[in-house]
Trainee: 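Let me begin by handing over the structure; questions about it come next.
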Amino acid sequence: MLYSLAGIALFCIALRAVILATAPLRAILAVNVMSSGVFLVLVALARRTPGLVADPVPHAMVITGIVVAVSATAMAIVLTQRLRANVSAPTVEDTPGAGP
Amino acid sequence: MTALEPGSTWVVWLIVSPLAAALIAFLLPRVAAAIALANALFMGVAALALLDLVTEQGPHRYSLGGWGAPLGIDLYADPLSGVLLVVAAVVVLATLFYSRDYLARTAIGPLFWPISLFLHAALNALLLSADAFNLYVTLELLSLSAVALVALADEQRAVAAALRYLLASIVASLAYLLGVALLYHTAGVLDLAALAERATWTPATWAALGLMTAGLAVKGALFPVHFWLPGAHSYAPSPVSALLSALVVKAPFYVLLRLWYAPFAGAPEAVGTLLGLLGALAIVWGSLQALRQARLKLLIAYSTVAQIGYLFLFFPLAQSRSALQGVTVFILGHALAKAAMFLAAGNMHKCLGHDRIQDLHRVARELPVTLAAFAVGGVCIMGLPPSGNFIGKWLLIEAAFAQGEWGWAVVVVAGGLLSAAYVFRVLGHAFTVDDKPVDASGAPASMAWAAFALALLALTLGVFAAPLIDLIGGPGETAVAHLSSREP
């Protein structure tokens with residue numbers, strides 16, 4: 001119970017950080033803290049029955065969740081890098097002066 | 001119900017085929033377009049076959065690897081997922097056909113084909129999932145491929161929009177995942193049907209309801225958390241905008257719909273009313289924003305924000321069967337019409353070199369088929385007969401009157417008037433005569449006709465809607481049977 005509450009607290013703190021973040025990197029880090037919070041809740045809730053054997057299903061969910069979080073983080077970092085590199089290759093839909 | 005039932009493997013092909021095609025398209029860029037088109041055709045056939053199967057035999061369950069729920073993962077198909085699979089295949093086919101010429105001589109082709117195939121695989125898997133966690137995974141796959149497609153438009157604002165989309169989407173899915181964790185804690189199962197039986201209203205279920213609904217509202221761009229949509233949908237390459245606006249943004253709504261019939265079937269009316277109110281605000285706000293836009297693609301993107309509002313009017317009216325039927329027909333109509341409008345806008349953009357609404361002079365003369373596609377799509381969005389959107393709105397209004405809540409009906413009608421205003425604003429400029437010459441030579445006919453075909457389908461959807469409506473929420477539909485048993 002303590003661990004799940006800690007997980008929910010992490011989730012909330014990080015959610016606040018994401019909303020307030022101005023720099024992309026900060027937001028990416030905060031999102032990762034958020035996912036750690038969710039995983040903590042999942043692992044803590046896996047111990048539902050008093051006894052030694054924990055429920056394996058939430059563990060499987062955590063592993064899948066970690067894979068998803070890693071891929072999403074990688075993608076976010078690539079996009080951030082591209083933003084910073086400031087390369088603006090011409091595309092089919094971009095012509096000078098076509099701004100909003 | 002067994003794995004070896006003849007014809008039941010369509011469910012598997014609908015997911016495996018686009019995945020395999022994506023890998024081949026990635027490895028062999030030369031044949032990527034051909035493979036993607038062939039796969040889209042096959043998806044159309046498979047979706048129709050599956051729809052036929054579930055119409056004949058009722059909802060269909062497929063246990064992957066022979067492991068049934070609750071331990072294994074089940075795929076589930078019923079008429080609702082069947083018609084959505086068919087319309088997804090149609091929109092993808094037309095969009096990919098359009099993209100062949102659209103992407104010619106650009107650098108983004110080699111990546112567009114495999115990622116769009118991944119997107120289709122994720123979408124099909126989502127429509128066939130019957131498991132709260134599987135829905136999370138497929139939502140993530142869908143968002144990641146959608147973000148990658150937006151970022152293909154290699155300009156600063158598109159990348160910035162893609163990043164914002166990605167972050168919003170991760171936060172939303174984490175909220176959803178936390179909700180799944182809490183639901184699993186209370187019920188001990190993940191399968192939606194089993195959840196429906198076991199769900200009890202504990203505080204954890206309440207928290208799950210809030211977290212999952214909020215997460216799906218962000219992903220589905222419900223007002224006021226639609227902030228990521230206009231940028232992502234308008235700065236993306238036009239075929240991508242069409243896929244995102246027509247299909248991807250409906251997926252979170254579909255998940256919420258499924259949840260509403262399973263674990264959250266007993267949710268109090270106030271939650272449905274709140275979602276309906278936000279939907280009504282989305283209709284008004286999105287339409288007003290659309291009226292204010294200077295760029296055509298932004299206008300269409302804000303129109304999507306408004307049209308999503310209609311979907312959420314389902315929740316306060318969920319008790320009546322015609323609400324589900326109406327919202328389903330509306331999803332189909334909007335998918336076809338909005339894809340047509342974005343494809344037409346992309347064609348104008350490609351030919352004119354811009355999409356400023358004010359400078360769309362003489363489009364009517366130079367790009368008649370393209371403009372016709374846009375206009376017909378616009379007429380459908382307004383909800384004029386015989387479009388599918390008209391039937392959808394009609395059924396929603398019927399549901400509103402059946403429950404004596406005529407306020408929702410007023411919203412539906414007012415939204416139609418507002419959408420007429422922004423569509424005619426574009427058409428007005430398009431018919432303006434101007435002396436400036438417009439060079440329309442760069443428009444391959446295939447692009448214009450792909451858009452027009454979609455628009456025509458959207459317009460005639462109302463004619464074919466009757467059998468569709470009978471399918472949805474018919475006697476075979478367990479979801480509705482379940483819901484009606486809960487009616488007080």
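Throughout, a chain's letter reflects where its sequence line sits, starting with A, and its residues are numbered from 1.
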Trainee: Which bit of Ile19(A) comes within less than 4.5 Å of chain B, counting heavy atoms only: side chain, backbone, both or neither?
Mentor: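 Neither part.
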Trainee: With chain A, which of Ala151(B), Ser173(B), Ala168(B), Ser169(B) has the greatest number of heavy-atom pairs at distances under 4.5 Å?
Mentor: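 Option with the top pair count is Ala151(B).
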Trainee: Go through the atoms of Val31(A) and report whether side chain, backbone, both or neither lie under 4.5 Å from a heavy atom of chain B.
Mentor: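 Val31(A) touches chain B through backbone and side-chain heavy atoms alike.
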Trainee: Measuring heavy-atom distances to chain A, does Leu178(B) have an atom under 4.5 Å in its side chain, in its backbone, in both, or in neither?
Mentor: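 For Leu178(B), heavy atoms of backbone and side chain both lie under 4.5 Å from chain A.
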Trainee: Is Ala158(B) close to chain A through its backbone or its side chain, or both, or neither, when contacts mean heavy atoms under 4.5 Å?
Mentor: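 Looking at Ala158(B), nothing touches chain A.
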Trainee: CE of Met61(A) to OH of Tyr136(B): how many Å apart, nearest 0.5 Å?
Mentor: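 That separation rounds to 9.0 Å.
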Trainee: For chain B, which of Val41(A), Val38(A), Val67(A) has the most heavy-atom pairs under 4.5 Å?
Mentor: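 Ranked by contacts with chain B, first place is Val38(A).
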Trainee: Name the one of Ile77(A), Val78(A), Leu83(A) that satisfies side-chain contact (heavy atoms from CB on, under 4.5 Å) with Leu163(B)?
Mentor: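 Of the listed residues Ile77(A), Val78(A), Leu83(A), the side-chain contact (heavy atoms from CB on, under 4.5 Å) partner of Leu163(B) is Leu83(A).
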Trainee: Using a cut-off of 6.0 Å, state whether more than 12 heavy atoms not belonging to Phe26(B) lie near its atom CZ.
Mentor: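 Open: at most 12 neighbouring heavy atoms sit under 6.0 Å from CZ of Phe26(B).
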Trainee: For a quick test of reading the model, state the closest non-hydrogen atom pair linking Ser71(A) to Leu144(B) and the distance between them.
Mentor: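 In this case the closest contact between Ser71(A) and Leu144(B) is CB-CD1, 4.3 Å.
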Trainee: Let me know if Val137(B) has heavy atoms under 4.5 Å from chain A in its side chain, its backbone, both or neither.
Mentor: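 Val137(B) touches chain A through side-chain heavy atoms alone.
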Trainee: Do Thr80(A) and Val159(B) touch side chain to side chain, with heavy atoms closer than 4.5 Å?
Mentor: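 Thr80(A) vs Val159(B): side chains apart.
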Trainee: Ignoring hydrogens, what is the shortest heavy-atom contact between Gln156(B) and Arg82(A)? Give both atom names and the distance.
Mentor: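 Nearest pair, atom of Gln156(B) first, then Arg82(A): OE1-O, 3.7 Å.
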Trainee: Between Thr64(A) and Phe133(B), is any pair of side-chain heavy atoms under 4.5 Å apart?
Mentor: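 They are in contact (side-chain heavy atoms under 4.5 Å apart), so the answer is yes.
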Trainee: For the residue pair Leu79(A) and Val147(B), establish whether any side-chain heavy-atom pair is separated by less than 4.5 Å.
Mentor: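 Of all side-chain heavy-atom pairs linking Val147(B) with Leu79(A), at least one is under 4.5 Å.
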Trainee: Are the side chains of Leu211(B) and Phe11(A) in touch, meaning some heavy atoms are under 4.5 Å apart?
Mentor: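 Leu211(B) reaches Phe11(A) side chain to side chain.
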Trainee: For Leu167(B) versus Ala27(A), what's the shortest heavy-atom pair and its separation?
Mentor: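 Closest heavy-atom pair between Leu167(B) and Ala27(A): CD1-CB, 3.8 Å.
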Trainee: Between Val68(A), Thr73(A), Ile28(A), Leu42(A), which residue shows the highest count of heavy-atom pairs closer than 4.5 Å to chain B?
Mentor: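 Ranked by contacts with chain B, first place is Val68(A).
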Trainee: Is there a side-chain contact between Leu182(B) and Leu45(A), using heavy atoms and a 4.5 Å cut-off?
Mentor: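 They are in side-chain contact.
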